[in-house]
Amino acid sequence: MSDTGLTLSSEYASTTPLQIRIDTHARHSEHHGDPVHAVLDTLELTGSEAVADIGCGDGRFLAQLVEFGHRGRLVGVDNSTAMVAAADTVPGVEGVLGNAGDLPFAYDEFDRTTARHMLYHVPDPGRALRELRRITRPGGRVAVTVNHPVTCGRTRQLVIDHARGFGLTPAENMANGVNSTTLPTMMSEVFRDVRIHSFDNALIFDTAAPLVRFAEALFSFCGIATDSPHRGSVLAAVTTDIEAWFASHPGEVWRDPKGYIVATAIVQ
Ligand SMILES: C[S@@+](CC[C@H](N)C(=O)[O-])C[C@H]1O[C@@H](n2cnc3c(N)ncnc32)[C@H](O)[C@@H]1O
């Protein structure tokens, strides 16, 4: 049985695990590939558009737009107060507490709308897609990113196996199964002419420490809550296993395939 209290809101009550995962992807990807640019490339921004990023996390996507000199309105929406507070500290970005299924904006309020790596957390993803369409003006663009069905599965399975040894299993309320296989059809039910851009990559580790750090940042998705009495024991077991793997595979890297799609549409 999973620990009680293991929910999306507990996972995103702090920005730290998300930041560790993003940092790991930036440092340990096999091929250079920046997911921010992958989305930006599809948005065709001129610099003056009103942009809403739904499920904005700590606001780093919008921070990049500020850095690139974007002059239009930039709004980051998240249902975690910690994330909204972080986004709000970015000069030029408006952090808004809100739910993807019921966005606090008028019809056609934005020129560009993004939902990056968040749709798999939403209870009714079809409704969230219709909300993206509602708040985006005709002729405006929507971009949605989600992972491949199995992404970083090797590391995740290692954690899940050790968690199971302590009677812990992944909580079902953390993810809804929307992935790169299912999203294109869902998008086509809401938008016309959906374009799909697919990115395949892998995480690569040549030492144990950053892999252990990444594995711990996956704990809540593997059934281990922050305050679980078993957290320390699972971490010790995962660390031992990872260190043993590197000791018995000198000169080899731990490779864990991953990938995502960017699905885009122009609102009619
Ligand atoms: C995996 S993180 C991705 C953050 C950011 N988009 C990125 O790519 O770095 C998912 C984010 O979606 C937010 N989130 C989850 N469910 C949400 C919902 N129903 N409405 C708004 N935000 C939500 C979480 O709080 C979290 O910040």
Side-chain angles (χ1 to χ4, degrees), residues 6-27 29 33-40 42-43 51-65 74-90 93-105 110 112-132 134-135 142-148 151-152 156 170-180 183 199 201 214 217-222 226 258-263:
L6 192 51
T7 61
L8 267 185
S9 37
S10 62
E11 162 61 11
Y12 292 116
S14 150
T15 56
T16 307
L18 174 64
Q19 285 170 337
I20 291 173
R21 293 195 296 274
I22 292 172
D23 181 61
T24 303
H25 287 290
R27 288 166 189 255
S29 286
D34 178 356
V36 168
H37 279 95
V39 173
L40 285 182
T42 69
L43 291 180
V51 180
D53 185 31
I54 314 304
C56 63
D58 63 7
R60 65 181 65 207
F61 173 72
L62 297 174
Q64 289 254 2
L65 288 189
L74 297 173
V75 179
V77 179
D78 207 287
N79 67 352
S80 150
T81 48
M83 297 298 177
V84 171
D88 223 19
T89 62
V90 180
V93 172
E94 196 185 320
V96 173
L97 190 64
N99 197 312
D102 191 13
L103 292 170
F105 304 114
F110 293 93
R112 303 286 187 269
T113 316
T114 53
R116 298 165 313 101
H117 293 293
M118 63 82 62
L119 205 64
Y120 37 67
H121 290 324
V122 172
D124 186 345
R127 178 176 172 147
L129 290 175
R130 290 192 296 279
E131 278 293 88
L132 294 179
R134 183 183 68 76
I135 67 165
V142 172
V144 178
T145 65
V146 292
N147 288 329
H148 291 341
T151 200
C152 303
R156 194 177 290 256
E172 284 172 10
N173 59 350
M174 301 285 283
N176 60 24
V178 177
N179 56 46
S180 61
L183 180 66
F199 299 87
N201 209 331
F214 177 64
L218 299 177
F219 269 23
S220 60
F221 297 106
C222 301
T226 314
K258 61 166 183 167
Y260 64 94
I261 58 166
V262 182

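Heavy atoms only: backbone and side chains are in, while hydrogens, waters and symmetry mates are out. Numbering of ligands and ligand atoms starts at 1, following listing order.
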Would you say ligand 1 has an N or O under 3.5 Å from any N or O of Gly55?
yes

For atom 23 (C) of ligand 1, find the nearest protein heavy atom and state the residue, atom name and distance (0.1 Å precision).
Asn79 OD1, 3.1 Å

Taking every non-hydrogen atom, the tightest pair across Val90 and Gly59:
CG2-O, 4.3 Å

Between Arg116 and ligand 1, which residue portion shows a heavy-atom distance shorter than 4.0 Å: side chain, backbone, both, or neither?
both

Side chain, backbone, both or neither: Thr145 near ligand 1, heavy atoms under 4.0 Å
neither

N or O pair under 3.5 Å between Asp78 and ligand 1
yes

State whether the shortest distance between N or O atoms of Ala100 and N or O atoms of ligand 1 falls below 3.5 angstrom.
yes

In terms of relative ring orientation, are Phe221 and His121 parallel, tilted or perpendicular, with 30° and 60° separating the classes?
parallel

Report the part of Asp53 (side chain from C-beta onward, or backbone N, CA, C, O) that has a heavy atom under 4.0 Å from ligand 1; answer both or neither where that applies.
neither

Specify the protein heavy atom at minimum distance from atom 19 (N) of ligand 1: its residue, its atom name, and the distance to 0.1 Å.
Asn99 OD1, 3.2 Å

min-distance protein heavy atom vs atom 2 (S) of ligand 1 -> Tyr12 OH, 3.5 Å

Here the gap from Tyr260 atom OH to Asn201 atom CG, rounded to the nearest 0.5 Å, amounts to 8.0 Å

Which residue supplies the protein heavy atom nearest to atom 9 (O) of ligand 1, what is that atom called, and how far is it?
Ile22 CD1, 3.4 Å

So which heavy atom on Ser14 is nearest to which on Met83, and how close?
O-CE, 3.8 Å

Could you identify the single nearest non-hydrogen protein atom to atom 10 (C) of ligand 1 and state the distance to 0.1 Å?
His117 O, 3.5 Å

What do you reckon, does Gly98 put a non-hydrogen atom under 4.0 Å from ligand 1?
yes

